[in-house]
Amino acid sequence: MDYLLLLRGINVGGKHRVPMADLRNYLTAAGFTHVRSYINSGNLLVTSNRSQVDCETTIQHVLTSHFDFPLPFRLLAQPEFLTDLAQAPAWWGADKQLRHNALFKLNDYTSANDTWLIDHVTADYDQVLVTPNVIFWTSTLKHHFSRSFYSKIMGTPLYQQTSTRNYNTTMKLKQLLEASHD
């Protein structure tokens, strides 16, 4: 099975440094094949014939064995990732004058965040679609950004339990996962 592994909060501002070459080597040594990374922000593609639960356990062990800080992550099997992306609304990614992000739900994500988000987001500056694994979010980019609900989520449980990728990175990951080891 091909998987997408997403890490949260690494290599930002010199904190939580995770060299991708080292991580690729650790994952390969742990039995994963076709291990590749995309950019330096915790996007990896791996293949394994083990169950997803076994893969997650192995990844957790690799991360805690080699890094002395917490590394929240999410492992998505190719079919579930592609199913969620197929649900992306037409407005997500359409207007280049807006901010388009995919917030990937991490392993510690609680479903109460979905309800909280739906109850608090307004349609004035934000559009949101919640799927089982991803929250598709479009908000203002610069003009009135401080009025968007997206600008107010930092520090909330929702923010802390998701890992964000912009539209371009998300679509590149889709392309890479679809072309896995052709």
Side-chain angles (χ1 to χ4, degrees), residues 3-16 18 38-45 52-53 56 59-60 63-64 67 69-177:
Y3 294 98
L4 174 63
L5 171 59
L6 301 167
L7 303 176
R8 182 184 190 281
I10 66 162
N11 301 331
V12 179
K15 295 187 177 183
H16 298 128
V18 177
Y38 174 69
I39 61 179
N40 202 31
S41 58
N43 307 297
L44 294 109
L45 300 120
Q52 187 164 346
V53 170
E56 289 174 350
I59 290 166
Q60 185 65 51
L63 297 176
T64 56
F67 303 99
F69 47 86
L71 279 165
F73 72 91
R74 180 67 187 269
L75 185 69
L76 290 168
Q78 181 189 39
E80 66 183 332
F81 176 74
L82 295 177
T83 297
D84 277 319
L85 282 188
Q87 297 175 57
W91 46 258
W92 188 71
D95 185 342
K96 301 304 177 205
Q97 300 301 310
L98 299 176
R99 176 185 314 263
H100 305 281
N101 286 325
L103 284 70
F104 290 90
K105 299 175 182 180
L106 298 173
N107 289 348
D108 64 350
Y109 189 87
T110 56
S111 61
N113 290 320
D114 292 344
T115 305
W116 176 84
L117 175 60
I118 299 306
D119 288 348
H120 288 86
V121 73
T122 65
D124 295 340
Y125 299 99
D126 302 271
Q127 290 177 285
V128 172
L129 176 72
V130 179
T131 69
N133 301 298
V134 182
I135 299 168
F136 295 98
W137 198 320
T138 295
S139 66
T140 57
L141 184 59
K142 293 180 182 162
H143 188 66
H144 296 302
F145 179 67
S146 64
R147 294 182 185 175
S148 71
F149 190 66
Y150 188 81
S151 73
K152 296 169 178 50
I153 64 168
M154 189 173 288
T156 66
L158 173 102
Y159 181 78
Q160 293 167 347
Q161 296 172 17
T162 57
S163 189
T164 302
R165 302 299 185 272
N166 68 30
Y167 175 83
N168 290 337
T169 297
T170 303
M171 297 314 290
K172 181 64 175 183
L173 293 171
K174 176 182 185 272
Q175 176 189 357
L176 292 170
L177 198 55

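Keep in mind that what you see is a predicted model, and the values were worked out from it rather than measured.
Contacts classified as salt bridge (charged side-chain N to carboxylate O under 4.0 Å, His left out) and involving residues 110-121 (residues at least two apart or in different chains) are given here: Lys105-Asp114.
In this structure, the side chain to side chain donor-acceptor pair (under 3.5 Å) partners of Asn43, at least two apart in sequence or on a different chain, are Ser41, Arg165. For Tyr125, the ring-ring contact (aromatic ring centres under 6.0 Å, His included) criterion is met by His144, not counting sequence neighbours. For Pro132, the side-chain contact (heavy atoms from CB on, under 4.5 Å) test picks out Asp84, Gln87, with sequence neighbours left out. Remark: Tyr150 engages Asn101 in a side chain to side chain donor-acceptor pair (under 3.5 Å) (not counting sequence neighbours). The side-chain contact (heavy atoms from CB on, under 4.5 Å) test applied to Gln78 returns Asp2, Leu82, Leu177, not counting sequence neighbours. Taking the side chain to side chain donor-acceptor pair (under 3.5 Å) definition, one finds that Thr164 meets it with nothing, sequence neighbours left out. Under the side-chain contact (heavy atoms from CB on, under 4.5 Å) criterion, Thr156 pairs with Trp116, Ile153, Leu158, Tyr159, sequence neighbours left out. Applying the side chain to side chain donor-acceptor pair (under 3.5 Å) rule to Asn166 yields the partners Thr169; only residues at least two apart in sequence or on another chain are considered. Applying the ring-ring contact (aromatic ring centres under 6.0 Å, His included) rule to Tyr109 yields no partners; only residues at least two apart in sequence or on another chain are considered. By the side-chain contact (heavy atoms from CB on, under 4.5 Å) test, Leu98 pairs with Asp95, His100, Thr138, sequence neighbours left out. Scanning for ring-ring contact (aromatic ring centres under 6.0 Å, His included) contacts around Tyr3 gives an empty result, with sequence neighbours left out.
Inter-residue side-chain proximity for Asn107 and Phe73 is flagged as met; some heavy-atom pair is nearer than 4.5 Å. Under the 4.5 Å side-chain criterion, counting only non-hydrogen atoms from C-beta, Leu85 is in contact with Thr170. Using a 4.5 Å heavy-atom threshold, the side chains of Leu117 and Trp137 count as touching. At least one side-chain heavy atom of Leu44 sits less than 4.5 Å from a side-chain heavy atom of Leu7. Using a 4.5 Å heavy-atom cutoff, the side chains of Arg147 and Thr140 are not in contact. A heavy-atom distance below 4.5 Å is not found between the side chains of Leu129 and Trp92.
Checking side-chain atoms of Asp126 against main-chain N and O of Phe149 turns up a donor-acceptor pair under 3.5 Å. Formation of a donor-acceptor pair under 3.5 Å by the Lys172 side chain with backbone atoms of Tyr167 is not found in this model. Checking side-chain atoms of Ser151 against main-chain N and O of Phe145 turns up a donor-acceptor pair under 3.5 Å.
Gln160 and Gly155 make their closest contact through NE2-O, 3.3 Å (heavy atoms, listed as atom of the first residue, atom of the second, distance).
Note that the CG atom of Leu173 and the OH atom of Tyr38 stand 7.0 Å from one another [nearest 0.5 Å]. Distance check: Gln161 CD to Leu106 CG gives 8.0 Å after rounding to the nearest 0.5 Å. Rounding to the nearest 0.5 Å places OG1 of Thr64 at 11.5 Å from CD1 of Ile59. Put simply, CG on Leu5 and CG on Leu63 are 7.0 Å apart, with the number rounded to the nearest 0.5 Å. Here the straight-line distance linking atom OG1 of Thr162 with atom CG of Asn113 works out to 8.0 Å at 0.5 Å rounding.
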